[in-house]
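For the single chain, residues carry numbers from 1 onward in sequence order.
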Amino acid sequence: MLDGVWGFARRHQRKLVVGAGVVGGLYYAGKLLAQRLVEMQGTAAKERAAREGIRRRFDQNQRDCTFTVMSLLPELGEQVLREVDVEQLIAELRTINNTSRASSEDQSQEPANASAGASEAADAADSPPKRTKVQIWEDIKVQSFARTLIAVYAESLLTLLVHVQLNMVGRSTYLDSVVGRYAGAADEGKRPGLQLAPAD
């Protein structure tokens, strides 16, 4: 029986060697392919985690920008209200309305005193001319429109400025963390005896 096996092996020696080579090659190729596949999956997982980390940082940065803008809006609103004071014009218009009502009521209740009227006329001639209701109303309209435009423009500029500044700071901290991570990994890989001496 052993002679039969040896005889079969001698007769088919070339076929057995080629078959064993093919089977061994396929086994090695399968192992190599499995190893490469595991490496590719690990690399893809790391890239996915890195992309997710970048996305998380970006989303957090955008939330920080929105929060910062919202916290600065009251200050901006106060400055716009202080610079474009429509309320003063409204108060002036109300004063004129109240004065005209009071004077019309006084004229209907008491006869005009000639000497008092003459002194009021002299005071009116010395004081600068007062604005009319129409002039004040036109100023109110212009300043209200200007206040609206200033508020929209200032809020847009504030938002742009905050986003640019915080994105630059976020980019800088991200780069510092990545460089620090890779520098730390490079320092761990160094061996004290394998450092190169600087060239003279």
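Between L73 and L158 there is a side-chain heavy-atom pair separated by less than 4.5 Å. A 4.5 Å side-chain heavy-atom check between N167 and R171 finds every atom pair outside the cut-off. Within the 4.5 Å cutoff, the side chain of E39 has heavy atoms near those of the Q35 side chain. Between L81 and R147, the closest side-chain pair of non-hydrogen atoms falls below 4.5 Å. Residues V162 and L166 meet the side-chain proximity criterion, which asks for heavy atoms closer than 4.5 Å.
When all heavy atoms are compared, the tightest approach of T95 to T99 is O-OG1, 2.6 Å. The shortest non-hydrogen separation linking L89 to Q143 is CD1-OE1, 3.6 Å. Here the closest non-hydrogen pair linking G170 and N61 is CA-ND2, 4.3 Å. In plain terms, the two heavy atoms of L16 and A9 that are nearest each other are CD1-CA, 3.9 Å. Of all heavy-atom pairs spanning T68 and S71, the tightest one is O-OG, 2.8 Å.
Remark: the Q60 side chain and the R57 side chain contain no N/O donor-acceptor pair separated by less than 3.5 Å.
For the atom pair CD (Q88) and CD1 (I136), the distance works out to 10.0 Å, reported to the nearest 0.5 Å. The structure places CZ of R94 at 9.0 Å from CG of N98, a figure rounded to the nearest 0.5 Å. For the atom pair CH2 (W6) and CD (Q13), the distance works out to 9.5 Å, reported to the nearest 0.5 Å. Atom CD of residue E92 and atom CG of residue D139 lie 8.5 Å apart, to the nearest 0.5 angstrom. Within the model, atoms SG of C65 and CG of L161 stand 10.5 Å from one another, a figure rounded to the nearest 0.5 Å. Residue L157 holds its CG atom at 12.0 Å from CD1 of I150, rounded to the nearest 0.5 Å.
Dense packing is recorded around CD of E52, with more than 12 heavy atoms of other residues, nucleotides or ligands lying under 6.0 Å away.
There is a path of hydrophobic side-chain contacts, each under 4.5 Å, that joins M70 to L76. Connection of V80 to Y153 is not established within any shared hydrophobic cluster, with ILVMFWY side chains joined at heavy-atom distances below 4.5 Å, either directly or through further cluster members. In the hydrophobic clustering of this structure, L26 groups with V18; members are Ile, Leu, Val, Met, Phe, Trp, Tyr whose side-chain heavy atoms approach within less than 4.5 Å, directly or through other members.
Put simply, the side chain of S177 gets close to the backbone of Y174: a donor and an acceptor are under 3.5 Å apart.
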Exercise for the section: Start with the C-alpha gap between Q135 and T132, add the side-chain angles, then the distance that decides, and say whether side-chain contact (heavy atoms from CB on, under 4.5 Å) holds. Expected result: CA-CA 5 Å; Q135 290 171 333; T132 64; 3.4 Å; yes

Practice task
Check the pair K133, N97 against side-chain contact (heavy atoms from CB on, under 4.5 Å), reporting the backbone distance first and the verdict last.
Solution key: CA-CA 8 Å; K133 290 180 187 179; N97 282 339; 2.9 Å; yes

Practice task
Tell me, with the steps shown, if V86 and V84 meet side-chain contact (heavy atoms from CB on, under 4.5 Å).
Solution key: CA-CA 6 Å; V86 176; V84 186; 4.3 Å; yes

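Qualifying ring pair (Phe, Tyr, Trp, His ring centres under 6.0 Å) partners for F145, counting only residues two or more places apart in sequence or in other chains: none.
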